[in-house]
Participant: 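Structure incoming, see below.
Because the structure is predicted, anything quoted here is derived from the model rather than measured. In listed order, ligands and their atoms are each counted from 1. Side chains included, hydrogens not; waters and symmetry mates left out as well; all remaining heavy atoms used.
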Amino acid sequence: MKQKLRWLDENCNCCGRQINSWDKRISKTLAYRYACCEHCIAKEYDIDVEAFRHRMENYFGMRPCLGL
Ligand SMILES: [Zn+2]
């Protein structure tokens with residue numbers, strides 16, 4: 001399953017960096033009221049981004065877009 005990475009016209013509610021479709025998707029999955037980037041979400045879980053992606057893949061069967 002390939003998903004195209006899109007940069008959105010939205011910013012992370014936490015750090016203000018521009019978010020992409022992957023960030024948006026994980027924010028939704030984790031029921032964030034406001035979209036946050038994966039860096040901030042990973043930080044909240046106290047793990048690094050790589051571990052976070054791995055976890056999302058295991059728990060939700062979600063894969064980050066290629067090239068991210
Ligand atoms: Zn952020």
Participant: List-wise, which protein N, O or S atoms are found short of 2.8 Å from the Zn ion (ligand 1)?
Facilitator: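 The answer, once waters are left aside, is C12 SG, C15 SG, C37 SG, C40 SG.
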Participant: What heavy-atom pair brings C40 and C14 nearest, and what distance separates the two atoms?
Facilitator: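 The answer is SG-CB, 3.5 Å.
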Participant: Out of N13, I41, I26, D23, which one pairs with Y32 under the side-chain contact (heavy atoms from CB on, under 4.5 Å) rule?
Facilitator: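 The residue from N13, I41, I26, D23 that satisfies side-chain contact (heavy atoms from CB on, under 4.5 Å) with Y32 turns out to be I41.
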Participant: For R6, does its backbone N or O pair with a side-chain atom of S21 as donor and acceptor, under 3.5 Å?
Facilitator: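 Side chain of S21 to backbone of R6: a pair is present.
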Participant: Mind checking side-chain hydrogen bond (donor to acceptor under 3.5 Å, both in side chains) for E10 and listing every partner two or more places apart, or none if nothing turns up?
Facilitator: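 For E10, the residues satisfying side-chain hydrogen bond (donor to acceptor under 3.5 Å, both in side chains) (neighbours in sequence not counted) are K24.
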Participant: Name the residue from K43, H39, H54 that meets the side-chain contact (heavy atoms from CB on, under 4.5 Å) definition with V49.
Facilitator: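 One option only clears the test, and that one is H39.
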Participant: Heavy-atom count check: over 12 atoms from other residues, nucleotides or ligands less than 6.0 Å from N58 CG?
Facilitator: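 Result for CG/N58: enclosed.
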